[in-house]
Every structure is written in structure tokens, then in C-alpha cells.
Amino acid sequence: MKSIALGLIFCALLQVSCSKDDHSSKDKDLKELEALYKEIDLMSKSNICVNAADWAFTAIGSKACGGPTNFIAYSTKLNTVEFLKKVQAYTEAQDKFNKKWRIYSDCMLIAMPQRVDCVNGKAELIY
């Protein structure tokens, strides 16, 4: 009887330990996603917006039930191949995160912007 009680205590401790590990692993995954997004955001804002014709936008992120989480403007004067690769990497990483951690979302489709305008040196998406 004593060994059964010890076994149950051990299993309970193991389960709590795994829960903490899962939580810290989820936090680590989330911090990596946030760091990549910040890098993309900094790249997108690295040029001053003077001429809207020099700007484009792309979808970014992955909602749990499909579609992008947002759109982001970027200057066509930066290394667009590198920028778009990072956006794609972020989108794929967020999709994996959503599946791994069983994330749910509102499933609403995000409206696609019509164009980019320059307002006080910053690119703004116009819907």
C-alpha cells in the first residue's frame, strides 16, 4: 500500500514537472516568435516613406483557423527577397506554434489593404 502511495505521489510530481516544462517551452516558443516579428517590424520601418509607389504590402502571420493575422507594409528599396523570406518564416513558425499549442482564434478574415500611403514619413496601409 505504501509503495502505491509513493508511486501516485511520484506520478503527480512528474505531471506537475511536465506541466511546468510545457509552460516554459510554450513561453520560449512565443518569445522566439515575438523576436522574429520585432525583427521584421524593424526592417519594415527602416526606410522613410516619401513616395508610396516605392512601397508594397504583404500578409503576415497565420491564424489558427486559416488566413493571415495581419498585413505589413515594406519599402521595395530594401532587400525584398530577404524581407519576404523572414515574413514567410514567421508565418510558418506561427502556424506550427498554433498547432503545437492548440491555439484558437476568432476565425475572422482580415481585410486586405487597398494601398500604402505615406503619412508624416511613415507607411500606412489604407483599407
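- T69 meets the side chain to side chain donor-acceptor pair (under 3.5 Å) test with no other residue; sequence neighbours excluded.
- Its side chain within the 4.5 Å cluster rule, I48 clusters with V50 among the Ile, Leu, Val, Met, Phe, Trp and Tyr residues.
- Judged as a disulfide bond (SG atoms under 2.5 Å apart), the pairs with a partner in residues 83-127 (not counting sequence neighbours) are, in order, C49-C118, C65-C107.
- In terms of the side-chain contact (heavy atoms from CB on, under 4.5 Å) criterion, residue partners of E124 (sequence neighbours excluded) are, by chain and number, V119.
- Identified under the salt bridge (Lys or Arg N to Asp or Glu O under 4.0 Å) test for residues 52-67, with sequence neighbours left out: D54-K77, K63-D106.
- Scanning for side-chain contact (heavy atoms from CB on, under 4.5 Å) contacts around K45 gives D41, with sequence neighbours left out.
- With sequence neighbours excluded, the residues that form a side-chain contact (heavy atoms from CB on, under 4.5 Å) with I103 are K26, F97, N98, W101.
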Please report, to 0.1 Å, the donor-acceptor pairs under 3.5 Å made by any side chain of residues 78-85, with sequence neighbours excluded.
residue	atom	partner	partner atom	Å
N79	OD1	V81	N	3.3
N79	OD1	E82	N	3.1

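- For K28, the side chain to side chain donor-acceptor pair (under 3.5 Å) partners two or more places apart in sequence, or in a different chain, are E32.
- The side chain to side chain donor-acceptor pair (under 3.5 Å) test applied to K100 returns D29, not counting sequence neighbours.
- With sequence neighbours left out, K96 forms a salt bridge (Lys or Arg N to Asp or Glu O under 4.0 Å) with no residue at all.
- Residues passing the side-chain contact (heavy atoms from CB on, under 4.5 Å) test with A73, sequence neighbours excluded: W55, V116, A123, L125.
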